Q: 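Here it is, the structure, as structure tokens.
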Amino acid sequence: MTDRTPAQSTGADAAQAVGAEGPEELRRQIERTRSRLGDTVEELAGKMDVKGRARARAADLRDKAGAMTVQLRSTAAQAGHTVHDKATQAGHKVHGRATGTSHELERRAQRSVPAPARSLVMTAVRRPRPVLIVGAAVAVVVVVAWRYPRK
């Protein structure tokens with residue numbers, strides 16, 4: 001510390017630099033000095049408590065991570081609902097188009113397919129999957145018969 005002259009001192013330091021007026025004043029100065037010294041020691045101890053500061057920082061980071069997790073889950077759930085809604089709308093749209101196409105195919109089959117084959121064509125239009133499976137099986141038999149003729 002540096003020594004101050006009374007001309008350089010200001011405020012509470014001026015009374016200390018000049019000296020105490022009596023024993024009571026001296027006791028009050030000592031108490032103020034002890035109090036400030038205690039505060040300074042507490043500050044230094046707090047700064048030196050690296051483990052405690054690290055624990056406090058870790059707790060803050062855990063709290064922030066928990067808040068972010070909640071926010072991300074909420075955002076993901078909202079995105080999932082949006083995707084589900086859009087997929088449902090697209091499915092309804094495709095179903096509507098398929099139904100329209102199916103009705104158009106039935107209408108054309110009624111008009112242009114000869115009567116003996118009409119029932120087979122109408123079944124194929126109404127249930128295309130079994131017809132496609134049977135058609136694929138017939139195609140495989142034809143290809144195998146053509147590729148490997150009997151000797």
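No experiment lies behind these values; they were computed from the predicted model shown.
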Q: Would the number of heavy atoms belonging to other residues, nucleotides or ligands and lying under 6.0 Å from CZ of Arg118 be above 12?
A: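 Atom CZ in Arg118 is crowded, with more than 12 foreign heavy atoms closer than 6.0 Å.
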Q: Using the rule that two of Ile, Leu, Val, Met, Phe, Trp, Tyr join whenever any of their side-chain heavy atoms come within less than 4.5 Å, decide whether Val138 and Trp146 are in one cluster.
A: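 Result: no, two separate clusters.
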Q: Are Val140 and Tyr148 connected in the hydrophobic side-chain network, where two residues link if heavy atoms are under 4.5 Å apart?
A: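 As far as the 4.5 Å side-chain criterion goes, Tyr148 and Val140 are connected within one cluster.
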Q: For the NZ atom of Lys64 and the CD atom of Gln71, what is their distance to the nearest 0.5 Å?
A: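 Spacing of NZ (Lys64) from CD (Gln71) equals 13.5 Å.
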Q: Hey, what do you get for CZ (Arg97) to CD (Glu104), rounding to the nearest 0.5 Å?
A: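 Arg97 atom CZ to Glu104 atom CD measures 15.0 Å (nearest 0.5 Å).
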Q: Passes side chain to side chain contact (heavy atoms under 4.5 Å, CB included), Thr88 versus Lys86? Steps please.
A: CA-CA 5 Å; Thr88 301; Lys86 288 190 177 188; over 6 Å; no
Q: Say you draw a straight line from CG of Asp49 to NZ of Lys51; how long is it, rounded to the nearest 0.5 Å?
A: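 Rounded to the nearest 0.5 Å, the CG-NZ separation comes out at 9.0 Å.
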Q: Mind checking the CE-CD spacing from Met122 to Gln110? Nearest 0.5 Å is all I need.
A: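 CD of Gln110 is found 4.0 Å from CE of Met122.
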Q: Under 4.0 Å between a side-chain nitrogen and a carboxylate oxygen: does that hold for Arg28 and Glu31?
A: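 No.
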Q: Determine whether Thr75 and Arg73 make a side-chain contact, defined as any pair of heavy atoms from C-beta on separated by less than 4.5 Å.
A: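 Counting from C-beta outward, Thr75 and Arg73 never come under 4.5 Å.
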Q: Kindly give the heavy-atom pair with the smallest separation between Ala124 and Val131, and that separation in Å.
A: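 Result for this residue pair: CA-CG2, 3.5 Å.
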Q: Measuring from Leu37:CG to Leu44:CG, what's the distance to the nearest 0.5 Å?
A: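 The CG atom of Leu37 sits 9.5 Å away from the CG atom of Leu44.
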Q: Give a yes or no answer on whether the side chain of Ser74 reaches the backbone of Val70 with a donor-acceptor pair at less than 3.5 Å.
A: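 Such a contact is absent between Ser74 side chain and Val70 backbone.
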